[in-house]
Amino acid sequence: MNTAAGNDHVTGRIALGLMYKGSAYCGWQSQKSGVPSVQAELEVAISRVANHPVEVVCAGRTDKAVHASYQVVHFDTTSVRTARSWVFGCNANLPPDISVSWVQSVSDEFHARFSAFNRRYNYVIFNHPIRPAHFYDEMTWCHYALDESLMHRAAQCLVGEHDFTSFRAVGCQSKSPFRHIDHVRVNRFGNILVLDIQGNAFLHHMVRNIAGVLMSIGAGRNPVEWCAEVLAAKDRTKADVTAQPYGLFLTDVGYPDQYDLPRSGGAPSLIQAMLAMSGSNKVDWDVISPADMWDIARPGNNK
């Protein structure tokens with residue numbers, strides 16, 4: 001954290017880490033209609049700090065109302081600013097639901113999208129008969145009881161490389177339906193379920209469609225085997241169940257070690273707190289809260 005927002009000069013090609021709450025935006029991508037987007041807000045903020053127009057490229061475009069705790073972008077600039085100036089300058093020009101976490105110089109061959117070798121998402125479900133008043137647009141509310149063990153078992157058929165035609169949106173523009181899934185896990189923390197999925201890349205609405213199928217199985221509407229049957233069918237009409245976007249977070253993007261980018265904590269802050277309270281040993285606190293994290297706020301930091 002200290003090297004990502006210190007007083008070292010940063011220019012040329014720059015990688016930037018971003019968090020945002022997507023509720024107020026049409027999604028990541030700028031629209032010709034001018035409706036609010038995360039990309040448009042970020043480009044305005046960076047351009048003001050750089051004092052010239054800036055265009056950014058992201059690791060993965062998120063849809064309307066989808067959030068991110070670790071989105072990565074890159075941009076090119078001739079302006080010379082300290083890392084601290086980039087971070088705090090951008091944040092001073094961003095709305096409160098978008099925040100730059102870090103910036104770092106990278107080599108010219110770095111590309112936020114094409115250099116990434118995996119992406120990780122969390123899908124958060126509030127499983128309770130009464131709708132939530134808090135975090136209502138950062139969780140998907142499911143008012144019928146879900147069995148997370150059935151959902152987890154059903155999801156294991158998705159691990160590996162498969163044709164995910166049955167889980168892609170009708171309007172998906174990807175040339176290939178094949179994707180490789182590294183892991184899928186479903187865990188419960190009290191009334192909250194977390195779907196944790198990582199893969200090399202994802203098709204349009206793929207995570208939300210997977211969540212919809214798993215929730216149907218968790219509710220007992222379909223058997224565990226149904227997920228594998230849907231996958232094998234390679235037909236979107238066999239499981240036209242798309243979960244709401246509100247609980248979906250982009251939580252990590254993997255890059256080769258050569259770029260030495262700051263690591264993600266692996267989950268949004270709400271999930272990190274639940275993991276801690278549950279005593280889970282999956283939380284790497286040296287990543288989430290390093291001892292020198294407060295150095296970022298010290299103007300004299302030269303590390």
Would you compute the distance between atom [atom1] of [X] and atom [atom2] of [Y] and round it to the nearest 0.5 angstrom?
X	Y	atom1	atom2	value
C58	H74	SG	NE2	10.5 Å
H152	E148	NE2	CD	10.5 Å
M206	T242	CE	OG1	13.0 Å
Q39	I98	CD	CD1	11.0 Å
R263	Y255	CZ	OH	16.0 Å
W28	C26	CH2	SG	11.5 Å

Ring-ring centroid check [X] [Y], cutoff 6.0 Å:
X	Y	result
H128	H143	no
W86	F75	yes
Y121	F249	no

(request) Could you tell me how the ring of F110 sits relative to the ring of Y259: parallel (under 30°), tilted (30 to 60°) or perpendicular (over 60°)? (result)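 Ring orientation, 0 to 90° scale: perpendicular.
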(request) Give the ring-plane orientation class for H162 versus F164, where under 30° counts as parallel, over 60° as perpendicular and anything between as tilted. (result)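 Perpendicular: the ring planes of H162 and F164 meet at over 60°.
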Say whether, by atom type as modelled, one donor and one acceptor occur between the side chain of [X] and the main chain of [Y] under 3.5 angstrom.
X	Y	value
Q71	G60	yes
S79	A50	yes
T165	D235	no
N51	S47	no
Q104	W102	no
R236	A239	yes
N127	L146	yes
E41	L94	no

(request) Might you point out which heavy atoms bring V230 and S166 nearest each other, and give the distance in Å? (result)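 Heavy atoms only, the tightest pair is O-OG, 2.6 Å.
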Side chains of [X] and [Y]: closer than 4.5 Å at any heavy-atom pair?
X	Y	result
I217	C227	yes
D63	P245	no
T62	H67	no
C90	V49	yes
L18	L42	yes
R179	F202	no
R168	S174	yes
V207	I197	yes

Just by distance, with hydrogens left out, do [X] and [Y] show a side-chain donor and acceptor under 3.5 Å apart?
X	Y	answer
Y70	S101	no
E138	Y246	no
H52	T77	yes
R119	N200	no
S37	R61	no
E109	S107	yes

(request) Kindly confirm or rule out a cation-pi arrangement of R208 over F167, judged by NZ or CZ under 6.0 Å from the six-membered ring centre and within 45° of its axis? (result)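 Judged by the rule (NZ or CZ under 6.0 Å from the ring centre, within 45° of its axis), R208 is not positioned above F167.
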(request) Go through R13 and D76 one step at a time and tell me if the salt bridge (Lys or Arg N to Asp or Glu O under 4.0 Å) criterion holds. (result) CA-CA 4 Å; R13 177 151 293 188; D76 295 311; 2.8 Å; yes
(message) As a quick check of understanding, evaluate salt bridge (Lys or Arg N to Asp or Glu O under 4.0 Å) for K21 and D97, giving each step before the final call.
(response) CA-CA 5 Å; K21 179 179 178 181; D97 49 6; over 6 Å; no
